[in-house]
Amino acid sequence: MVPMPEQSPPHATHDVTNQPPPLAPYDASADAALLEGLRREGAGWAEDGVRALGLRAGGAEAQEWGELANRHEPELRTHDRYGNRVDEVDFHPSWHHLMRTAVAEGLAGTPWADDRPGAHVARTAGGLVWGHTEAGHGCPTSMTYAAVPALRAQPDLAKVYEPLLTSREYDPELRVPTEKRGLLAGMGMTEKQGGSDVRTNTTVATPTDEPGVYTLRGHKWFTSAPMCDVFLVLAQAPGGLSCFLVPRVLPDGSRNTFRIQRLKDKLGNRSNASSEPEFDRTVAWLVGPEGRGVKTIIEMVNCTRLDCVMSSATLMRKTLVEAGHHARHRSAFGARLFDQPLMRNVLADLALESEAATTLTLRLAGAADRAVRGDEEERAFRRIATAVGKYWVTKRGPAFTAEALECLGGNGYVEDSGMPRHYREAPLLSIWEGSGNVNALDVLRALGREPGSAESLFGELALARGADARLDATVVSLKRELAEADQLSARRVVERMALALQASLLVRHAPPEVADAFCATRLGGDWGHAFGTLPAGTNLDTILDRALPA
């Protein structure tokens, strides 16, 4: 008689082993470079709040919000069921949960209403941890933050709107702005025919009989967050290109003409709606003098460029944490990935890049905070260093994210891991608020038109003089290169400026092992062309213990 096989439970062909557990819950603020920078740049008073937000950001609930907000993308409704034009965008509840938390935690316009030194640094640190949830909702909070200083060019409007833009209340309902508990602001600059060349804009602003009030006719090509309450928009007035405030709902409760033609089908950043609006007799209020639109709105651009640096640094840190977690819990060829020399080299190299990005981000936030409080030297440094940081840190993001994804192998290439979403997000930060060429040329323009910019940069670099011979040599050669810089060499020169600035900060503030490895590779050339090529003798243990504590 043939024995019958033992009955197995249904589908129990094998046990699942050697797979990492879920990362969440984790502490998104467990980052020595971030916490040290927070204290150093004058916002140590915010540390408890940042730590609490880090725990919330790394919690299972907030991580799920981020995933759901990207899975259920915003939907445009141009008309209601009766055929009336409504031009509204519907979002999944998870988007609103993310937004409500971000605004309540002061990540939108709140720092402008906070007199404490370091308020802008605290906001940046909060963004560095809350950004571990997802990146898309950082767009409207960033623009709301950036709108306040631009709006101050028109004090009568600022008096009305600034208290609402700096509120911690998230109020997504579309109604008269002054009847709401808090407002969000967007920005409309680029058009089909010009892109970054905004002086070629064709949207026309026609004055009305009421002083300061105009009507707009034209279009915008890439306006993110169309559900915001008010927008700063560029248009051609009789006196030249000018800046205007455009509310979605007018003071009498009627809808302003803001026709959303479509939402952009983007590579990444898909939780956030980006749109093509058209204006037709759209009511707008002049912000600043006619013909000074670029000068008025440039303060907004400086703020959003800082947030591009912050978001890239956040994405680096998030994907490094994911890669380190996987490597700690995955074994191959008889040992944990984290214990294998080549993987340790890759992770340590990524850790150097992440720390340099985070440290520079917080230094830029510190400069912004002190500039707001009247420090002219910091204002000059902020002007040049933000453009330098925007160029370089955002350029490093895609390569960094791809390498972190590869640490997970095939597991990182599937959507369930979340890594593909981060990878698709990474190129955006280099494109938004001026592509690489625009930023590199802006640096050269600032150096030519504002002599104090170069002095402030080299004054900052001089603070590390004598600490590392490779850095000293780089600064000497950089001065020579700047004297001969032209458009053809702009990227190369700005890259050198960024690396020197990052190295000087690490030499002054990071452990010697971190600073030495950064200078040896990024400045000294003892490096390959991919991450994971740190030279023999690099203290990998110290770098990894600092970046990825057990």
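Atoms considered below: every heavy atom in the structure, side chains included; atoms not considered: hydrogens, waters and symmetry mates.
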- Query: Does the pair Glu299/Arg292 count as a salt bridge with the N-to-O cut at 4.0 Å?
  - Reply: no
Quick one, Leu241 and Gln236 - any side-chain contact, counting heavy atoms below 4.5 Å?
yes
Interatomic distance, OG@Ser242 vs NZ@Lys295, rounded to 0.5 Å, equals 14.0 Å
ask   = Is the number of heavy atoms from other residues, nucleotides or ligands within 6.0 Å of CD (Gln193) greater than 12?
value = yes
Whether Ser453 side chain and Leu447 backbone form a donor-acceptor pair below 3.5 Å: no
* Output yes when Arg379 and Glu450 qualify as a salt bridge under the 4.0 Å nitrogen-oxygen rule, no when they do not. => no
So the ring-ring contact (aromatic ring centres under 6.0 Å, His included) pairs with at least one residue in residues 256-281 (sequence neighbours excluded) are Phe231-Phe258, Phe258-Phe279
**Asked** Would you find a donor on one side and an acceptor on the other, under 3.5 Å apart, between the side chain of Ser311 and the backbone of Cys308?
**Response** no
query = Just wondering, more than 12 heavy atoms not from Glu377 lying within 6.0 Å of its CD?
reply = no
Exactly one of Arg383, Arg363, Arg373 clears salt bridge (Lys or Arg N to Asp or Glu O under 4.0 Å) with Glu378, and that residue is Arg363
- Query: Less than 4.5 Å apart, any side-chain heavy atom of Tyr391 and any of Val388?
  - Reply: no
| said: Angle between ring planes, His92 versus His72, binned at 30° and 60°: parallel, tilted or perpendicular? | reply: parallel
Across all chains, not counting sequence neighbours, the salt bridge (Lys or Arg N to Asp or Glu O under 4.0 Å) partners of Glu322 are Lys318
Should Arg370 and Glu41 count as an ion pair when the cut-off is N to O under 4.0 Å?
yes
Are there over 12 heavy-atom neighbours, none belonging to Lys192, within less than 6.0 Å of that residue's NZ? yes
>> Quick test of your reading of the model: are Asp229 and Arg175 salt-bridged, counting only N-O distances below 4.0 Å?
In response: no
- Arg199 atom CZ, over 12 foreign heavy atoms within 6.0 Å: no
Backbone N/O of Leu488 and side chain of Asp486: donor-acceptor pair under 3.5 Å:
yes
Exercise. Counting N and O atoms only, with roles assigned by atom type, does the side chain of Asp171 sit under 3.5 Å from a partner on the main chain of Gly182, one being a donor and the other an acceptor?
Worked result: no
Arg262 and Trp221 have their tightest heavy-atom pair at NH2-CH2, 3.7 Å
In Asn84, Leu174, Asp87, the residue satisfying side-chain contact (heavy atoms from CB on, under 4.5 Å) with Arg255 is Leu174
- Message: Please check: side-chain N/O of Thr141 versus main-chain N/O of Gly138, any donor-acceptor pairing under 3.5 Å?
- Response: yes
In plain terms, say whether Asp442 and Arg445 are close enough for a salt bridge, that is, a side-chain N and a carboxylate O under 4.0 Å apart.
yes
Tightest non-hydrogen contact, residues Ser142 and Thr304, listed as OG-CG2, 3.6 Å
Step by step, work out the side-chain hydrogen bond (donor to acceptor under 3.5 Å, both in side chains) result for Ser224 and Ser274. CA-CA 4 Å; Ser224 286; Ser274 300; 2.8 Å; yes
*Residue Glu64 excluded, over 12 heavy atoms near CD under 6.0 Å*: no
SG of Cys139 to CG of Asp307, rounded to nearest 0.5 Å, is 10.0 Å
Margin query: Whether the side chain of Lys180 engages the backbone of Tyr170 through a donor-acceptor N/O pair (distance < 3.5 Å, no angle test) should be reported.
Written below: no
Thinking salt bridges, do Glu73 and Arg270 make one under a 4.0 Å N-O criterion?
yes
Check your understanding: Any salt bridge between Lys264 and Glu276, counting N to O under 4.0 Å?
Key -> yes
- prompt: CG of Asp252: more than 12 outside heavy atoms within 6.0 angstrom?
  reply: yes
Sorted by chain and residue number, the side-chain hydrogen bond (donor to acceptor under 3.5 Å, both in side chains) partners of Ser271 (sequence neighbours excluded) come out as Glu134
ring-ring contact (aromatic ring centres under 6.0 Å, His included) with Trp65: of His132, His97, His137, only one passes, and it is His97
From the list Lys220, Arg217, Glu278, side-chain contact (heavy atoms from CB on, under 4.5 Å) with Thr203 holds only for Lys220
